[in-house]
Each structure stands twice: as structure tokens, then as C-alpha cells.
Amino acid sequence: LLASREQAFQSVQSQRGRLTALQAADEEPGYEDVPPPRQRGERIQAGMRSKLMEEAKSLGDEETPISAGFGNPYLLAIVAILILGVASYFQLGLDKVASVKPTDVGDKDLADRVMKMQESMYGI
């Protein structure tokens, strides 16, 4: 086993870089512990490379802030608070306060109404 590895190594040296040691060992039978040589994948196309660079730059670097997503986190917070404020305004019915017609009831009439209501509720 050791002699065949030495022979493979010497044959690789004799070919002066044409075959790697793994390829030479792969050609020899009985080397199951040696992994097969890796094949290089295809090159990244220019269009895909530019898209990947744009995506990476959108996440920010030392010179530019993050522009992916909402961009400005303060703006996101302001918009969220405004949306919640408007939702609360309508949920509490504050939009209907301005539409209530004012009554021309004087203090004496109002006091009389309160007294009548108390009499009917408590029997005073």
C-alpha cells in the first residue's frame, strides 16, 4: 500500500503538474479513503454578480447605511405611531365629538333634569 502511494507520488512529479496527487491516487485501485478531486463549479454570470453585489450593498457597509427594508428606522417608528394614533382616535369615537350638536339648555333646566332622573332612580 505504501509502495503504491510512493509510485503514484513519483508519477505525479514526473508529469510536472499535469495531474494532481488526488487524481493520480484515484487512478490507482485500492485508495478508497482518498476523496475524489473536486470539480470547479460554473463561474458566476455578470448579471448575477451585479445583483448579488447590489443586494450586499443594500445591507450597508462602512461608508453607506442600510437601505434594505424601510431604510430609516426613525421614519418607520414615526409612521407606526401615527397609524396607531389614528386608529385610537377613531376607536375612542373622538371623530364624533365635533359632530354633536350643542344644546341650548340652561343651568336651571339641566339641574331640573338631574333632579327628575334622581327621583326616578332612587325614589327621592
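- For the residue pair Gly47 and Ser50, the shortest heavy atom distance occurs at O-OG, 2.8 Å.
- Residue Met53 holds its CE atom at 6.5 Å from CZ of Arg49, rounded to the nearest 0.5 Å.
- The hydrophobic cluster around Tyr74 extends to none of the other residues, as no ILVMFWY side-chain heavy atom falls under 4.5 Å of it.
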Original post:
For Met117 and Met121, what are the C-alpha separation, side-chain angles and deciding distance, and is it a side-chain contact (heavy atoms from CB on, under 4.5 Å)?
Top reply: CA-CA 6 Å; Met117 186 170 30; Met121 288 176 63; 3.8 Å; yes
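- From Gln45, atom CD reaches atom NZ of Lys51 across 9.5 Å, with rounding to the nearest 0.5 Å.
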Which side-chain N or O atoms in residues 79-93 pair as donor and acceptor under 3.5 Å with protein atoms at least two apart or in another chain?
residue : atom : partner : partner atom : Å
Ser88   : OG   : Leu84   : O            : 3.0

